[in-house]
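Quick notes on the structure that follows.
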Amino acid sequence: MEAIVSHFTKLGVVLEGIINECLGLPPDFRTNYRNDRSRDSLLGLHYFPAIEDDNNTGETAHEDPGCFTILYQDEVRGLEVHKDDHWIPIAPSKDKLIVSIGDVIQVLSNNKFRSATHRVLRPSETNRYSYAFFYNVHGDKWVEPLPQFTKEIGESPKYRGFVFEEYHHLRIKNRSHPPDRPEDLIHITHYSISN
Ligand SMILES: O=C(O)CCC(=O)C(=O)O
Ligand SMILES: [Fe+2]
């Protein structure tokens, strides 16, 4: 397990540099913004075969809350990404890792990069295993749209700022104490500014 975390962490640092570059952020942005990996987490997931009447739901549609997620799925299908009103299956492969942008990058970039809406449908014929490595910011980090994507280019911020831990807790609460109505689940839109 420790070896996997160490590999994912090294890869995460490289990916973060690539994402920063794609966003046009300076190379030292990462070390200036944060340089603490203590809130990253690795989740090992085991999905039992779907049975009739449970809609095959493994993970309902959601976006990951942190910076980005590195996902390893075995050779069993199930992961789907929502794009242009369609659910697109992500072909499983033992040789591939899937990287998805999370809500923190969406907020920092003021929606220039969007977090990926995804879900897992469990196949009925077999178990499914995956590892999700969540590359996060530190809990007490203040997250808000960066000036590079707001005042420096004449755009108004689409989110109010928040402490990452607060949002993370609300997201965990979605799971531990799910609200009666699905529309009351907390998403990043909780911090949206409607102009
Ligand atoms: O198991 C998967 O393929 C995805 C898991 C996931 O989306 C999550 O844990 O946030
Ligand atoms: Fe996810």
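Just follow the structure's listing: the first ligand is 1, and inside any ligand the first atom is 1.
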Response to the item:
Among non-hydrogen protein atoms, atom 6 (C) of ligand 1 lies closest to H62 NE2, 3.9 Å

Fill in: Short N-O contact, E63 and R114, less than 4.0 angstrom
no

Worksheet item: Under a 4.0 Å N-O cut-off, is there an ion pair linking R77 with E125?
Response: yes

Discussion item. Yes or no: does R128 have any heavy atom under 4.0 Å from an atom of ligand 1?
Written reply: yes

Discussion item. Measuring from non-hydrogen atoms of Q73 to any atom of ligand 1, is the shortest distance under 4.0 Å?
Written reply: no

Practice prompt. Spell out the protein N/O/S atoms under 2.8 Å from the Fe ion (ligand 2) as residue plus atom name.
Written response: H62 NE2, D64 OD1, H118 NE2

Discussion item. Consider ring-ring contact (aromatic ring centres under 6.0 Å, His included). Of Y159, F164, W142, F162, which one does Y191 pass it with?
Written reply: F162

Worksheet item: Near S130, which atoms of ligand 1 are under 4.0 Å from a heavy atom of that residue?
Response: 1 (O), 2 (C), 3 (O)

Worksheet item: Is L71 touching ligand 1 with its side chain, its backbone, both, or neither, if touching means heavy atoms under 4.0 Å apart?
Response: side chain

Fill in: Proximity to ligand 1 by part of F134, non-hydrogen separation under 4.0 Å
side chain

Worksheet item: Do we see a donor-acceptor contact under 3.5 Å between the side chains of D140 and H138?
Response: yes

Worksheet item: When you check the side-chain N and O atoms of E155 and T150, is any donor under 3.5 Å from an acceptor?
Response: no

Discussion item. Rounded at 0.5 Å granularity, tell me how far CD1 in I19 sits from SG in C67.
Written reply: 8.0 Å

Fill in: Aromatic centroids of H118 and H82 separated by under 6.0 Å
no

Discussion item. Filter on salt bridge (Lys or Arg N to Asp or Glu O under 4.0 Å), then keep only pairs touching residues 174-183, sequence neighbours left out; what's left?
Written reply: E59-R175, R181-E183, R181-D184

